[in-house]
Undergrad: 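Can you keep this structure in mind? I'll have questions shortly.
Note that this is a predicted model, so its numbers are computed, not measured.
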Amino acid sequence: MADARQAMYRQVAADLRHAITDGAYGSGGRLPAESALAEAYGVSRGTIRQALSVLRADGLVTSRRGTRRVVLGTARVPTFRESLSFTRWARSIGEEPGARVVDIARVPADEVEREQLRLEAGDHVYRVLRVRTLSAVPVMVERTVYPERVGEIVAACDPAAVSHTVPMEERGVVITDAHHTIDVTGADEDDSRLLGCRVGDALLRERRRSTDPAGSPVEWAEDRYLPGTIAFTVHNSAAASSLSRRPAL
């Protein structure tokens with residue numbers, strides 16, 4: 001019975017989330033009263049409260065009790081593909097992404113790169129330094145290392161191509177898993193030049209190791225964002241855990 005109740009509140013939360021993101025209530029609108037929702041879904045008010053607590057944790061509705069919940073916005077959780085692709089994520093929120101390859105080089109892999117990409121001594125990698133923009137404003141510097149098989153695809157792209165992910169997918173390179181580490185680091189000279197900050201300024205850093213369906217590494221990346229431009233949200237539950245990117249408040 002407990003499992004059935006948990007499944008029901010998650011189902012209600014998913015249905016309301018879909019309605020909110022579709023704009024059914026509008027930003028600033030009010031959801032139906034708990035009693036009305038309970039009657040509509042044929043569940044108890046306790047189940048409705050559990051569902052609303054999920055929406056509150058997602059930042060979709062207010063947390064006030066004793067009154068109808070106010071819709072705060074139409075936020076959505078990015079898809080897995082959007083969480084890995086800056087271009088897809090930017091377009092999903094109505095921004096225009098941009099990119100410029102600053103440097104790309106085929107070089108022998110160092111010790112860290114060999115470990116992260118499971119390479120042998122003497123293997124080569126492609127190192128790519130790229131600046132990313134939102135509506136023509138620089139917000140992030142990408143440092144991505146690819147094994148040769150993937151790097152050759154990236155090297156053939158136009159230096160101003162907004163997406164490397166799409167041509168990779170077109171050539172059969174698909175990412176299905178990624179491990180993210182997020183912390184703060186100081187800007188170096190490249191960051192200062194490309195982002196307009198000072199050397200040593202704090203930048204939000206995301207390091208990411210991505211693999212394909214066979215578990216083979218596809219990329220080892222380090223993205224550095226200007227503070228105040230991007231924030232990451234991690235949502236954990238018993239059923240799933242996900243990471244999403246959103247504009248900083």
Undergrad: Under the side chain to side chain contact (heavy atoms under 4.5 Å, CB included) criterion, do Val184 and Leu203 qualify, and how do the steps go?
TA: CA-CA 6 Å; Val184 174; Leu203 300 177; over 6 Å; no

Undergrad: Looking only at heavy atoms, what is the nearest atom pair of Arg130 and Ala99, with distance?
TA: NH1-CB, 3.6 Å

Undergrad: State the CD-CD1 distance between Glu206 and Ile182, to the nearest 0.5 angstrom.
TA: 5.5 Å

Undergrad: Below 4.5 Å, heavy atoms only, C-beta onward: do Val102 and Leu194 meet side chain to side chain?
TA: yes

Undergrad: Taking salt bridge (charged side-chain N to carboxylate O under 4.0 Å, His left out) as the cut-off, I'd like each qualifying pair that reaches into residues 149-166, sequence neighbours left out, listed once.
TA: Arg149-Asp212

Undergrad: In chain order, what residues pass the side chain to side chain contact (heavy atoms under 4.5 Å, CB included) check against Arg106, with sequence neighbours excluded?
TA: His124, Tyr126, Glu148

Undergrad: Show, in sequence, the C-alpha distance, side-chain angles and deciding distance for Val128 and Asp103, and conclude whether the side chain to side chain contact (heavy atoms under 4.5 Å, CB included) test is met.
TA: CA-CA 6 Å; Val128 180; Asp103 185 56; over 6 Å; no

Undergrad: Kindly determine whether Arg205 and Thr181 satisfy side chain to side chain donor-acceptor pair (under 3.5 Å), including the steps that lead there.
TA: CA-CA 8 Å; Arg205 176 172 64 175; Thr181 300; over 6 Å; no

Undergrad: Under 4.5 Å between any side-chain heavy atoms of Val12 and Ile48, yes or no?
TA: yes

Undergrad: Taking CZ in Arg45 as the centre, count heavy atoms belonging to other residues, nucleotides or ligands within less than 6.0 Å. Is the count above 12?
TA: yes

Undergrad: Please round to the nearest 0.5 Å and tell me the distance separating atom CE of Met8 and atom OG of Ser44.
TA: 10.0 Å

Undergrad: Apart from Leu117 itself, which Ile, Leu, Val, Met, Phe, Trp or Tyr residues share its cluster (side-chain heavy atoms under 4.5 Å, direct or through members)?
TA: Val107, Val112, Leu119, Val125, Val145, Trp220

Undergrad: Heavy atoms, side chains only, cut-off 4.5 Å: are Leu52 and Glu34 in contact?
TA: yes

Undergrad: Kindly write out the residues that satisfy side chain to side chain contact (heavy atoms under 4.5 Å, CB included) with Glu169, not counting sequence neighbours, or none if the list is empty.
TA: Arg81, Arg88, Thr165

Undergrad: Between Glu142 and Arg132 (salt bridge meaning N to carboxylate O under 4.0 Å), is one present in this structure?
TA: yes

Undergrad: Please name all residues satisfying side chain to side chain donor-acceptor pair (under 3.5 Å) with Asp15, sequence neighbours left out, ordered by chain then number.
TA: Tyr41

Undergrad: Ignoring hydrogens and geometry beyond distance, is a side-chain donor-acceptor pair present between Ser135 and Glu96 at under 3.5 Å?
TA: no

Undergrad: Apply the test side chain to side chain contact (heavy atoms under 4.5 Å, CB included) to residues Leu37 and Leu16: give CA-CA distance (whole Å), side-chain angles for both, the deciding distance (0.1 Å), then the verdict.
TA: CA-CA 10 Å; Leu37 288 171; Leu16 289 174; 4.1 Å; yes

Undergrad: For Asp188, check side chain to side chain donor-acceptor pair (under 3.5 Å) against everything at least two apart and list the hits.
TA: Arg143

Undergrad: If you link ILVMFWY side chains whenever their heavy atoms are less than 4.5 Å apart, which other residues fall into the same cluster as Val162? By chain and number, please.
TA: none

Undergrad: Going by an N to O cut-off under 4.0 Å, is there a salt bridge joining Arg114 and Asp123?
TA: no

Undergrad: Step by step, would you call Met140 with Arg224 a side chain to side chain contact (heavy atoms under 4.5 Å, CB included)?
TA: CA-CA 5 Å; Met140 183 260 280; Arg224 298 183 180 189; 5.6 Å; no

Undergrad: What's the spacing between Asp177 CG and Ser210 OG if we round to 0.5 Å?
TA: 9.0 Å

Undergrad: Who are the side chain to side chain contact (heavy atoms under 4.5 Å, CB included) partners of Ala14, not counting sequence neighbours?
TA: Arg17

Undergrad: Give a yes or no on whether a salt bridge exists between Arg209 and Glu219, defined as a side-chain N under 4.0 angstrom from a carboxylate O.
TA: no

Undergrad: Among Ile, Leu, Val, Met, Phe, Trp and Tyr joined by side-chain contacts under 4.5 Å, find the other residues sharing a cluster with Val174 and list them by chain and number.
TA: none

Undergrad: Atom CD1 of Ile104 and atom SG of Cys157: how far apart are they, to the nearest 0.5 Å?
TA: 8.0 Å

Undergrad: If you compare all heavy atoms of Pro147 against all heavy atoms of Pro217, which two are closest, and at what distance to 0.1 Å?
TA: CG-O, 3.8 Å

Undergrad: For the OG1 atom of Thr144 and the CG atom of Leu129, what is their distance to the nearest 0.5 Å?
TA: 9.0 Å

Undergrad: Where do Val131 and Pro138 come nearest, in terms of heavy atoms and distance?
TA: CG2-CB, 4.2 Å

Undergrad: Only counting residues at least two apart or in another chain, list the ones meeting side chain to side chain donor-acceptor pair (under 3.5 Å) with Gln116.
TA: none

Undergrad: What residues, two or more places apart in sequence or in another chain, satisfy side chain to side chain donor-acceptor pair (under 3.5 Å) together with Arg193?
TA: Asp190

Undergrad: Any side-chain heavy atom of Leu195 sitting closer than 4.5 Å to one from Val141?
TA: yes

Undergrad: Using 4.0 Å as the upper bound for N to carboxylate O, is an ion pair formed by Arg207 and Asp183?
TA: yes

Undergrad: Does any non-hydrogen side-chain atom of Arg127 lie less than 4.5 Å from one of Tyr146?
TA: no

Undergrad: Minimum heavy-atom separation for Ala36 and Pro32, please, with both atom names.
TA: CB-CB, 4.2 Å

Undergrad: Can you list everything that forms a side chain to side chain contact (heavy atoms under 4.5 Å, CB included) with Ser192? Sequence neighbours excluded, please.
TA: Val199

Undergrad: Testing the basics here: between Pro227 and Ala202, what is the closest heavy-atom pair and its distance to 0.1 Å?
TA: CD-O, 3.5 Å

Undergrad: To the closest 0.5 Å, what do you measure between OG1 (Thr47) and CD (Gln50)?
TA: 6.0 Å

